[in-house]
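The figures that follow rest on heavy atoms only: side chains count, while hydrogens, waters and symmetry mates do not.
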Amino acid sequence: QVQLVESGGGLVQAGGSLRLSCAASGLTFSSWSMGWFRQAPGKEREFVAAISWSVRTTIYADSVKDRFTISRGNAKNTAYLQMNSLKPEDTAVYYCAVGGEPRRVIREYGYWGQGTQVTVSS
């Protein structure tokens with residue numbers, strides 16, 4: 001079965017960096033787009049970034065553009081989210097997901113990981 005496992009979350013001070021990883025198994029990783037979403041306490045899950053299977057297309061939420069970078073290593077079946085210049089408002093559980101196309105919409109993604117906590121202190 002398809003499994004997505006996120007890692008790399010933690011506690012960091014504002015202005016710091018973290019790199020999240022999403023290891024995928026049970027699917028032909030190189031055929032699918034990957035997305036990152038996040039959910040803060042009391043808020044709805046929101047789109048962060050997505051990347052196409054070919055790496056040619058990447059899209060970002062306005063709130064993270066120029067600070068976060070999504071990438072993937074198809075040979076390693078892993079997607080990444082490099083997060084720089086972190087802000088307290090970036091605090092959330094971060095989820096990776098598999099989709100057909102790199103979209104901002106949750107319903108486009110069929111498989112999800114369990115999430116990894118990112119906490120940014122001020």
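Chaining together hydrophobic side chains whose heavy atoms lie under 4.5 Å apart places I106 alongside F37, F47, I59, V93, Y95, Y109, W112.
In plain terms, the two heavy atoms of S17 and S85 that are nearest each other are OG-N, 4.3 Å. The two atoms that bring G100 and S33 nearest to each other are O-OG, 3.6 Å, heavy atoms only. Residues A24 and L4 approach most closely at CB-CD2, 3.5 Å, considering heavy atoms. The shortest non-hydrogen separation linking C22 to M34 is SG-CE, 3.8 Å. K43 approaches Q39 most closely through the heavy-atom pair O-NE2, 3.1 Å. Taking all atoms of both residues into account, the shortest heavy-atom contact from G9 to L20 is N-CD2, 3.6 Å.
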Item to check | Stepwise side-chain contact (heavy atoms from CB on, under 4.5 Å) check, V118 with M83 | outcome: CA-CA 10 Å; V118 171; M83 306 186 296; 3.8 Å; yes

Next on the checklist: Evaluate L27 against N77 for side-chain contact (heavy atoms from CB on, under 4.5 Å), listing each step before the verdict.
Outcome noted: CA-CA 9 Å; L27 76 167; N77 284 8; 6.0 Å; no

Next on the checklist: Working note: L86 + L18, criterion side-chain contact (heavy atoms from CB on, under 4.5 Å); need CA distance, chi angles, decisive distance, verdict.
Outcome noted: CA-CA 8 Å; L86 283 161; L18 283 174; 4.2 Å; yes

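Between the NZ atom in K87 and the OG atom in S63 there is a gap of 8.0 Å [rounded to 0.5 Å]. Atom OH of Y94 sits about 10.5 Å away from atom OG1 of T116, to the nearest 0.5 Å. Summarising the geometry, atom CH2 belonging to W53 is positioned 8.0 Å from atom OG belonging to S30; distances are rounded to the nearest 0.5 Å.
Between T91 and E89, the side chains place no donor N or O within less than 3.5 Å of an acceptor N or O (distance only, hydrogens not considered).
With sequence neighbours excluded, the residues satisfying side-chain contact (heavy atoms from CB on, under 4.5 Å) with S25 are Q3. Partners of R67 by side-chain hydrogen bond (donor to acceptor under 3.5 Å, both in side chains), not counting sequence neighbours, listed by chain and number: D90.
Formation of a donor-acceptor pair under 3.5 Å by the S31 side chain with backbone atoms of F29 is not found in this model. Of the possible polar contacts, one joining the E6 side chain to the C96 backbone as a donor-acceptor pair under 3.5 Å is found.
Applying the salt bridge (charged side-chain N to carboxylate O under 4.0 Å, His left out) definition to pairs two or more places apart or across chains, those involving residues 46-57 are R38-E46. Among residues at least two apart or in separate chains, there is no salt bridge (charged side-chain N to carboxylate O under 4.0 Å, His left out) pair with a member in residues 10-24. Listed by first then second residue, pairs satisfying salt bridge (charged side-chain N to carboxylate O under 4.0 Å, His left out) with a partner in residues 94-104 number zero, not counting sequence neighbours.
At a threshold of 4.5 Å between non-hydrogen side-chain atoms, the residues L81 and V48 count as touching. When side chains are defined from C-beta on, I51 does not count as touching P102, because their heavy atoms never get closer than 4.5 Å.
A continuous path of ILVMFWY side-chain contacts below 4.5 Å connects V55 to Y60, so both sit in one hydrophobic cluster. Taken together through direct or relayed side-chain contacts under 4.5 Å among Ile, Leu, Val, Met, Phe, Trp and Tyr, Y80 and I70 form parts of separate hydrophobic clusters.
Sparse packing is recorded around CH2 of W32, with 12 or fewer heavy atoms of other residues, nucleotides or ligands lying under 6.0 Å away.
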